[in-house]
Amino acid sequence: MAKIYYDDDADLSYLKGKVVAILGYGSQGRAHALNLRDSGVDVIVGLYKGSKSWKVAEEDGMRVEEVERAVEEGDVIMFLIPDMVQPEVYKRLVRDKLEEGDMLMFAHGFNIHYNQIVPPEFVDVTMVAPKSPGHLVRRMFVEGKGVPALLAVHQNYTGKALEIALAYAKAIGCTRAGVIETTFKEETETDLFGEQVDLCGGVTELIKATFETMVEAGYQPEVAYFEALHELKLIVDLIYEGGLMKMWNAVSETAKYGGLTRGKRIINESVREEMKKILKEIQTGEFAREWILENKAGRPVYNKLLEMEKEHLIEKVGAKLRKMMPWLE
Ligand SMILES: NC(=O)c1ccc[n+]([C@@H]2O[C@H](COP(=O)([O-])OP(=O)(O)OC[C@H]3O[C@@H](n4cnc5c(N)ncnc54)[C@H](O)[C@@H]3O)[C@@H](O)[C@H]2O)c1
Ligand SMILES: CC(C)(O)[C@@H](O)C(=O)O
Ligand SMILES: [Mg+2]
Ligand SMILES: [Mg+2]
């Protein structure tokens, strides 16, 4: 069984006297920086001149410096800039500023696991990866709660890497919910697999395929939108709160029978085979190589697919229908 750490297992005093440099002030960066500060930790934000986030961080009352300066001051350096930018920033601005006993931290294991960043042996290397988008990391903290996270130690030079990483996890609120010990390999591979087949890739394709099937059969797009997309949140909320059975118990008997008998025809053996192939691409590093090359080429596929998603009928219909429900914003 997984080892899970809670508030009582973590001691904030391991961050006392240390400066935490948060590189990046986007989804995760802003949430981590604000939560750390509210927990009494000395935080400095590292950005590049011209970053749109600079003003946001300053308006939040953060001390903001360019990356190099923040790393010089920081004892704990958390990488919350995009994964594909991290290796170049590391080589150009971070590597030469590291001091013995510093800690490099990550919220996703990609660059360490796929050897895009190879830190020197004289630093600690750890990960605290909230299992949630950044805005929830902040919202839950403000509400006195926390989101669960994964924690991993890749290098323990100081002998205190676990304790310091746990203090960080506590300061951003994650030990309130529970922090599961893992490895960089396990976090990276499961995180990529989850977002590709289920959370981001699988769900959007399921929504579009459901919507398109109805529209092509002559049903009104507005009705199809509610069925394929809007109601998904209500169903997922039930699953999130109380597992699959809470959802099955809340829907009609007809929905239960129809869902239980038809679901397996949608996620059938061939879909499961494809999932296994996708997992292999992640495990062998094939996906990582593809994504790194895509970035080197200026992201032609990424940009094209995002553009197509933006232009999809469900997005047009959705924008109109969501105006009927201003409380959603
Ligand atoms: N978004 C999520 O919900 C989420 C969840 C778990 C883990 N993560 C991980 O957290 C990390 C950060 O992702 P994110 O989605 O919060 O990023 P983001 O895209 O929301 O924010 C990126 C930030 O980095 C800054 N930035 C970009 N290039 C920079 C550079 N060259 N130098 C300095 N700053 C630069 C941007 O100005 C911005 O403030 C990634 O490792 C990601 O895998 C993200
Ligand atoms: C929020 C997610 C999808 O779980 C995260 O892994 C990310 O990469 O943004
Ligand atoms: Mg991810
Ligand atoms: Mg994830």
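Along the sequence shown, residues are numbered consecutively beginning with 1. Computed from heavy atoms alone, side chains included, the values below leave out hydrogens, waters and symmetry copies. As the structure lists them, so they are numbered: ligands from 1, and atoms in each ligand from 1.
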Grab the two heavy atoms, one from Pro130 and one from Ala149, that are nearest each other, plus how far apart they are.
-> CA-CB, 3.8 Å
With no hydrogens and no angle check, is any side-chain donor or acceptor of Asp11 less than 3.5 Å from a backbone partner on Glu163?
-> no
In terms of its nearest heavy atom to atom 25 (C) of ligand 1, the top option of Gly24, Gly26, Pro133, Ser132 is Gly24
Are any of the protein's heavy atoms under 4.0 angstrom from atom 34 (N) of ligand 1, yes or no?
-> yes
Thr126-Asp124 side chain donor-acceptor pair, cut-off 3.5 Å = no
Does Ser27, backbone or side chain, put an N or O under 3.5 Å from an N or O of ligand 1?
-> yes
Flag for Tyr25-Asp60: side-chain donor and acceptor within less than 3.5 Å = yes
Per atom 6 (O) of ligand 2, closest listed option by heavy atom (Asp83, Leu192, Asp191) = Asp191
Going by the atom numbers of ligand 1, which of them fall below 4.0 Å from some non-hydrogen atom of Pro130?
-> 6 (C)
Write out the residue and atom name of the closest protein heavy atom to atom 44 (C) of ligand 1, then the distance separating them to 0.1 Å.
-> Gln28 CG, 3.5 Å
Quick one: does Leu23 get a heavy atom under 4.0 Å from ligand 1?
-> no
Under 6.0 Å between ring centres, would you say that holds for Tyr302 and Trp291?
-> yes
If you measure from each heavy atom of Glu88 to ligand 1, is any distance below 4.0 Å?
-> no
May I ask you to check if Arg289 and Tyr114 form a cation-pi contact, with NZ or CZ under 6.0 angstrom from the six-membered ring centre and within 45° of the axis?
-> no
Residue, atom and distance of the protein heavy atom nearest atom 7 (C) of ligand 1 read Ala107 O, 3.4 Å
With atoms numbered from 1 as shown, which atoms in ligand 1 lie under 4.0 angstrom from a non-hydrogen atom of Pro82?
-> 19 (O), 22 (C), 24 (O), 27 (C)
In terms of ring plane angle, is the pair His108 and Phe110 parallel, tilted or perpendicular, where the classes change at 30° and 60°?
-> tilted
So, Arg299 and Asn295: side-chain donor and acceptor under 3.5 Å apart, yes or no?
-> yes
Against heavy atoms of Gly134, which atoms of ligand 1 measure under 4.0 Å?
-> 3 (O)
Are Met275 and Ile266 connected in the hydrophobic side-chain network, where two residues link if heavy atoms are under 4.5 Å apart?
-> yes
Among non-hydrogen protein atoms, atom 3 (C) of ligand 2 lies closest to Glu195 OE1, 3.6 Å
Short version for Val85: what comes under 4.0 Å of ligand 1, heavy atoms counted, is side chain
Around atom 36 (C) of ligand 1, find the nearest protein heavy atom and jot down its residue, atom name and distance.
-> Ser53 OG, 3.9 Å
Can you pull out the closest protein heavy atom to atom 17 (O) of ligand 1? Residue, atom name and distance to 0.1 Å, please.
-> Leu80 O, 4.1 Å
Answer with side chain, backbone, both or neither: which part of Ser51 has a heavy atom less than 4.0 angstrom from an atom of ligand 1?
-> side chain
Do protein heavy atoms approach atom 9 (O) of ligand 2 to less than 4.0 Å?
-> no
Phe141 pairs by side chain to side chain contact (heavy atoms under 4.5 Å, CB included) with which of Asp38, Leu34, Leu36, Ile172?
-> Asp38
Hey, is there an N, O or S on Asp191 sitting under 2.8 Å from the Mg ion (ligand 4)?
-> yes
Going by the side chain to side chain contact (heavy atoms under 4.5 Å, CB included) test, name the single residue among Val236, Ile239, Asp237, Leu234 that passes it with Met247.
-> Ile239
Verify the distance criterion only: is there a donor paired with an acceptor across the side chains of His113 and Glu189 at less than 3.5 Å?
-> yes
Assign the ring pair Phe79 / Phe106 to parallel, tilted or perpendicular, where the plane angle (0 to 90°) is split at 30° and 60°.
-> parallel
Check each atom of ligand 1 against the heavy atoms of Tyr25 and keep those under 4.0 Å away; list them by number with element.
-> 23 (C), 38 (C), 39 (O)
Going by the atom numbers of ligand 1, which of them fall below 4.0 Å from some non-hydrogen atom of His108?
-> 41 (O), 43 (O)
When the ring centroid of Tyr157 is compared with that of Phe122, is the distance short of 6.0 Å?
-> no
Flag Ser132 as yes when one of its N or O atoms lies below 3.5 Å from any N or O atom of ligand 2, and as no otherwise.
-> no
In the protein, which heavy atom is nearest to atom 32 (N) of ligand 1, and how far is it?
-> Tyr48 CD2, 3.4 Å
Considering the heavy atoms of Gln86, write down every atom of ligand 1 situated less than 4.0 Å from one of them.
-> 41 (O)
Using a strict cut-off of 4.0 Å, indicate which atoms of ligand 1 neighbour a heavy atom of Asp83.
-> 40 (C), 41 (O), 42 (C), 43 (O)
